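On a predicted model such as this, the values are computed, not experimentally measured, just so you know. All chains are named by letter (A, B, ...) in the order of the sequence lines, taking the proteins before the strands, and each is independently numbered beginning at 1.
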Amino acid sequence: MLQVTFLRQHTLLVKEKLAIKNFSNPELVDEVIALDDQRKQFTFQYDELQGQVNRMSKEIGMLMAKGEKEAAECKKSEVADLKAGLQPITEQLAATEKLLQEVLVKLPNVPSDLVPAGKTPEDNLTIKEQGSVPDLPSGAMPHWDLIKKYDIVDFETGVKLTGSGFPVYKGKGAKLQRALISYFLDYNTSAGYTEFIPPYMVNEASAYGTGQLPDKEGQMYYMPADNFYLIPTAEVPVTNIYRDEIVKESDLPIQMTAYTPCFRREAGSFGSDVRGLNRVHQFDKVEIVQLVHPDKSYQVLDEMVAHVEKLLQSLGLKYRILRLCGGDMSFASALTYDFEVWSAAQKKWLECSSVSNFEAFQTNRMKIRFKDTNGKSQLLHSLNGSSLALPRIMAALLENNQTENGILIPEVLQSYFGSSMI
RNA sequence: GGUGAGGUGGAUGAGUGGCUGAAAUCAACGGUUUGCUAAACCGUCGUACGGUUGUAAAGCCGUACCGAGGGUUCGAAUCCCUCCCUCACCGCCA
């Protein structure tokens, strides 16, 4: 959620920038400002009247104490008149505030200056491409065949247990998941992130805080009996840890990491996009989240990108880094870098991480603040990224590392996995 | 699931209709002093919104907030209703 003062100060700029996100209702910005003007007016009127009521009530109390009943009764009727005038103002104020809020949440975050214009993923900017394509043996297979050959992931049984998109990992497949999770977490914690194991279900307030609600409820699994949502990413519970908190500046930066399963209801695409592990309803992911001083968020974004990049390098995967164009960015993000790994057998790029700076967009909603050196509270900036999402990493590892004798396990994983081959 | 108790500022905790935006203690912050890994003393110490003064830093005034929402009343942390949550014991269970 954008801040109204920011919209007032940079009205034109905001409209220009929102155009880069292909936002089609720039007049909503003016609407917000007009509604806020109204809000101020009604607030002023309400405060004035209510102040009078409060003063008179005190006087009545003093008159009663002195035993001047008649004077008190007289005042009471005066107050009654005032209160009659107060009621419509109260209603108008509430209505205006509600409307303001409704319009405000429709405005996406303003993209940073670095964001390229564009509408589709083709317009994303490739920042870097690195790593080599391995020479695959003849008869190289895509991962959905490899997992059958080595019997490490079983989709059919997943369908039997739950439905499509709920894979069952088995034997070495399960072990490899565990190895990846442990390796990723250790990598993150040694970089200074604190590990968390959060709940996998959240309440409405948390889902609202990170922007899943309102609007995107269809993308989450919902438990009506308890009004809980299954988390689509660890970002939701982890960022909400600091909801409604004011932290000390000396406690910054706050760096958190968590492994969680992620649950996504989203109606899938079609064809090879959804085959195998490319797109599933339940998957594992290790997430990193930072809450930082607003002056530092872009520096931290670069650090997080470098952090994820080194992790991919350590796995020996060919990857590329994209700076997302306005049209492909999420609603809440100001700047996003996507990481994609090369799937040698499918001959396509698979997204495995998305690292974003949300500036104060999320923290404004969640009221995550810090006290600056002058003792004033200011919103923090929030950032998050995957480090990393497992299924596509697994797919790429299986495909790129297949040999006639089996699948090679990257060196950094071997101590976690317990052997060098599947 | 059953029974009971309760939700007050960073923490503990007082406060059952007006002088309570809220005692006290602790923590935190600033200072003084003595000195050595600390004590004593003094001071400061919630948030949001609105108005106003000021170039600004900041100040002043007002409004709201004592789990959330509603009600009674001239006036509510205090009374009533609904909801949420926490704790304890019991039941069930990993």
> For A:Asn227 and B:A68, what is the distance between atoms CG and C1' respectively, to the nearest whole Å?
Replying inline: 15 Å
>> Under a 3.5 Å cut-off for both contacts, is B:G69 paired Watson-Crick or G-U wobble with anything, and if yes, with which nucleotide?
In response: B:C81
>> Distance check, C1' atoms only: B:C29 and B:A68, in whole angstrom units.
In response: 33 Å
> Looking at A:Tyr416, is A:Arg178 sitting on its ring face, NZ or CZ under 6.0 Å from the six-membered ring centre and within 45 degrees of the normal?
Replying inline: no
> Are A:Glu195 and A:Thr189 linked by a side-chain donor-acceptor pair shorter than 3.5 Å?
Replying inline: no
> For B:C29, which nucleotide in any strand shown is its Watson-Crick or wobble partner with both distances under 3.5 Å?
Replying inline: B:G43
> Who does B:A94 pair with, Watson-Crick or G-U, both distances under 3.5 Å?
Replying inline: none
> Separation of A:Gln52 atom CD from B:A64 atom P, in whole Å?
Replying inline: 13 Å
> Which one is paired to B:G54, where only Watson-Crick or G-U wobble pairs with both distances under 3.5 angstrom count?
Replying inline: none
> Now, which nucleotide makes the Watson-Crick or G-U wobble pair with B:G9, with each of the two distances under 3.5 Å?
Replying inline: none
> Taking the same atom, P, in B:G17 and in B:A77, what whole-Å distance lies between them?
Replying inline: 13 Å
>> Within the 4.0 Å heavy-atom criterion, would you say A:Ser377 contacts the bases, only the backbone, or no part of the nucleic acid?
In response: sugar-phosphate
> Is the side chain of A:Lys21 donor-acceptor paired with the backbone N or O of A:Ala334 at a distance under 3.5 Å, no angle test?
Replying inline: no
> Is A:Ser57 near enough to B:G17 that one of its side-chain N or O atoms lies under 4.0 angstrom from OP1 or OP2?
Replying inline: no
> For A:Tyr46 and B:U63, what is the distance between atoms OH and C1' respectively, to the nearest whole Å?
Replying inline: 7 Å
> Distance between the P atoms of B:A56 and B:U12, in whole angstroms?
Replying inline: 42 Å
> Within this structure, what is the NZ-to-P distance between A:Lys76 and B:G17, rounded to whole angstrom?
Replying inline: 17 Å
> What interatomic distance, in whole Å, is found between P of B:G91 and the corresponding atom of B:A48?
Replying inline: 48 Å
> Using a distance-only test with no angle check, is there a side-chain donor-acceptor pair under 3.5 angstrom linking A:Tyr183 and A:Ser314?
Replying inline: yes
> Which part of the nucleic acid does A:Lys83 contact within heavy-atom distance under 4.0 Å: base, sugar-phosphate only, or nothing?
Replying inline: sugar-phosphate
> Can you tell me if NZ on A:Lys148 sees more than 12 non-hydrogen neighbours from other groups inside 6.0 Å?
Replying inline: no
> Across the strands shown, which category fits A:Arg55 at heavy-atom distances under 4.0 angstrom: base, sugar-phosphate, nothing?
Replying inline: nothing
>> What is the distance, to the nearest angstrom, from the CE atom on A:Met56 to the P atom on B:G18?
In response: 20 Å
> Mind checking the P distance from B:C45 to B:G10? Whole angstroms is fine.
Replying inline: 15 Å
> B:C45 C1' sits how many Å from A:Ile246 CD1, rounded?
Replying inline: 13 Å
>> Taking the side chain as everything from C-beta on, heavy atoms only, tell me whether A:Met1 gets closer than 4.5 Å to A:Gln101.
In response: yes
> A:Leu86 CG to B:C74 P: how many Å, rounded?
Replying inline: 15 Å
> What integer distance in Å separates A:Lys376:NZ from B:U47:P?
Replying inline: 12 Å
>> Please compare A:Lys58 and A:Lys248 by the position of their nearest nucleotide in RNA chain B and report the one closer to 5'.
In response: A:Lys58
>> Before you tell me yes or no, could you show the steps for A:Met394 and A:Leu176 under side chain to side chain contact (heavy atoms under 4.5 Å, CB included), namely the whole-Å CA-CA distance, both residues' side-chain angles and the distance that decides it to 0.1 Å?
In response: CA-CA 8 Å; A:Met394 176 111 156; A:Leu176 182 56; 3.6 Å; yes
>> I'd like the P distance from B:A24 over to B:G46, given in whole Å.
In response: 13 Å
> Using purine N1 to pyrimidine N3 plus N6-O4 or O6-N4 for Watson-Crick, or N1-O2 and O6-N3 for G-U wobble, each under 3.5 Å, what pairs with B:G4?
Replying inline: B:C87
>> Quick check on B:G18: is either OP1 or OP2 less than 4.0 Å from any side-chain nitrogen or oxygen of A:Asn54?
In response: no
>> Tell me which nucleotide, if any, is Watson-Crick or G-U wobble paired with B:C49 when both distances must be under 3.5 Å.
In response: B:G62
>> Work out how far the P atom of B:C42 is from that of B:U25, and round it to whole angstrom.
In response: 11 Å
>> Strictly below 4.0 Å, N to O, side chains only: are A:Lys160 and A:Glu156 in salt-bridge contact?
In response: no
> Does B:G62 have OP1 or OP2 sitting under 4.0 Å from an N or O in the side chain of A:Gln50?
Replying inline: no
>> Taking only the P atom of each, what is the distance from B:U8 to B:G1 in whole angstrom?
In response: 24 Å
> Can you list the steps and then say if A:Arg55 with A:Glu59 is a salt bridge (Lys or Arg N to Asp or Glu O under 4.0 Å)?
Replying inline: CA-CA 6 Å; A:Arg55 271 193 301 279; A:Glu59 288 167 21; 5.9 Å; no
Which pairs, protein N/O on one side and nucleotides 49-54 of chain B N/O on the other, fall under 3.5 Å?
| unit_1 | atom_1 | unit_2 | atom_2 | d |
| --- | --- | --- | --- | --- |
| B:C49 | O3' | A:Arg39 | NH2 | 2.4 |
| B:C49 | O2' | A:Arg39 | NH2 | 3.4 |
| B:G50 | OP1 | A:Arg39 | NH2 | 2.8 |

>> One pair to check against salt bridge (Lys or Arg N to Asp or Glu O under 4.0 Å): A:Lys371 and A:Asp251. What are the steps and the verdict?
In response: CA-CA 10 Å; A:Lys371 273 233 193 297; A:Asp251 290 337; over 6 Å; no
> Now, which nucleotide makes the Watson-Crick or G-U wobble pair with B:C19, with each of the two distances under 3.5 Å?
Replying inline: none
